[in-house]
Amino acid sequence: MPELPEVETTRRGLAPHLVGHRLDGASVRQPRLRWPVPEGLSSLLAGRRVEHLTRRGKYLLLGVGNGTLLIHLGMSGSLQLVPADTPAQRHDHVDLLVEGGTAVRFTDPRRFGAVLWTAGAPSEHPLLAQLGPEPLGPAFDGGTLWQRARGRQVAVKALLMDSHVVVGVGNIYANEALFRSRIDPRRAAGSISALRFQRLAEAVRTVLTEAIEQGGTTLRDFVAGDGRPGYFQQQLQVYGRAGRPCVRCATALREVRLGQRSSVFCPRCQR
DNA sequence: CCCAAGACCTGGCGGC
DNA sequence: TGCCGCCAGGTCTTGG
């Protein structure tokens, strides 16, 4: 489900209901996520006021004073605001209880997501410390991509999806950004010119920005924290369109697998 | 260091 | 209808 725009959409939906509010604790029904949910989570949170809800890559960071709750949605995770007495379904693993009777409910059928706690600086947490720049921040441009690509044989699409190179670009938006910048996803990263990386970085920026503006991409049942669906799916030009005509030249779009991920591209427009 | 594949999970779909 | 294999928005870990 979630790439950066979906995580950001979730963050924006939840922030007004969390920041400045006090937590009553947490209810953990299934602690076995990607990593175990910390024991004693509820007492760490109980009575604390939420200071901020921010995002680093695809991680949500909930700051509560004595530490930070790190939440990753994995492939199938979502967060929704519900009345705290709403009966839990099979995959509703964790509730963050907000003073006044609401809960932020973490649901994740595949359990690739994570709910972790760090008492120190989040940026020093092992999972965050090695992350590349934010694609919408000032540290990301074609130059950083080109630098990281030098001498590398990996497919440019794999490089783009490497969170140590740049965070937040998952399979959907990698496909879309490569189409927009007319780069063949299979190209060896090190063989691409600085100018073309400039165009790629620009495409990453615009496609993510547009997706955030439209509330993310709704696939299956993604909904933001406030329960509204995203509308970006209608804007996808290649993802999920294998065999259908290219929007630019009408050539049938091709699908190949790169690093076990489906990659769709126009064999004529993308070189 | 670089790269590909495996691992972790569940659910939905197409095909037989 | 039932079963089987494959696919899915992520990313850490392992092995060559």
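Lettering of chains follows the sequences in order, A, B, ..., and the numbering in each one begins at 1.
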C/dA8 phosphate, OP1 or OP2: any side-chain N/O from A/R261 under 4.0 angstrom? no

DNA chain B: 5'-proximal contact among A/Q153 and A/R32 (nearest heavy atom): A/Q153

5'-most contact on DNA chain B (nearest-nucleotide basis), A/R110 vs A/Q260, goes to A/Q260

Would you indicate whether the side-chain heavy atoms of A/R261 and A/K157 approach each other to under 4.5 Å? yes

Any N or O donor-acceptor pair under 3.5 Å from the base of C/dT11 to the side chain of A/R34? yes

Using both distances under 3.5 Å as the test, list the Watson-Crick or G-U wobble partner of B/dC3, or none. C/dG15

What is the nucleic acid contact for A/H93, judged by heavy atoms within less than 4.0 Å: base, sugar-phosphate only, or nothing? nothing

Take atom CG of A/L33 and atom P of C/dC12, then tell me their distance rounded to the nearest Å. 16 Å

Between atom CZ of A/F265 and atom CD of A/E255, what is the distance when rounded to the nearest 0.5 Å? 10.0 Å

note: A/M75, atom CE; B/dC8, atom C1'; distance rounded to Å ~ 11 Å

Can you find a side chain N or O atom of A/R90 that sits less than 4.0 Å from OP1 or OP2 on B/dT10? no

What distance, rounded to whole Å, do you find between the two P atoms, one in C/dT14 and one in B/dC9? 15 Å

Below 4.0 angstrom from OP1 or OP2 of C/dA8, is there any side-chain N or O of A/S262? yes

Determine: side-chain N/O of A/Y239 to OP1/OP2 of C/dG9, distance under 4.0 Å, yes or no. yes

Within 6.0 angstrom of A/R268 CZ, more than 12 heavy atoms from elsewhere: no

Can you tell me which residue among A/T251, A/V247, A/V238 is in a side chain to side chain contact (heavy atoms under 4.5 Å, CB included) with A/C266? A/T251

So, OP1 or OP2 of B/dG11: does either fall under 4.0 Å of a side-chain N or O from A/H91? yes

CZ of A/R257 versus P of B/dA4: gap in Å, rounded? 15 Å

Nearest-Å distance for atom pair CD1/C1', residues A/I172 and C/dT11: 16 Å

Take the protein atom CZ of A/R186 and the nucleotide atom P of B/dA4, then report the distance between them rounded to whole Å. 14 Å

Qualifying residue for side chain to side chain contact (heavy atoms under 4.5 Å, CB included) with A/P185, from A/V264, A/L178, A/L160: A/L178

So, A/F112 and B/dC9: ring centres less than 5.5 Å apart, planes less than 30° off, yes or no? no

Using the C1' atom on both, measure B/dC3 against C/dG9 and round to a whole Å. 24 Å

Could you check how far CH2 of A/W35 sits from P of B/dC9, rounded to whole Å? 13 Å

Can you check the A/E255 CD to C/dC7 P distance for me, whole Å? 9 Å

G-U wobble or Watson-Crick pairing nucleotide for C/dG10 (cut-off 3.5 Å, both distances): B/dC8

A/H72 side chain N/O closer than 4.0 Å to the phosphate oxygens (OP1, OP2) of C/dC12? no

Are there more than 12 heavy atoms of other residues, nucleotides or ligands under 6.0 Å from atom CZ of A/R32? no

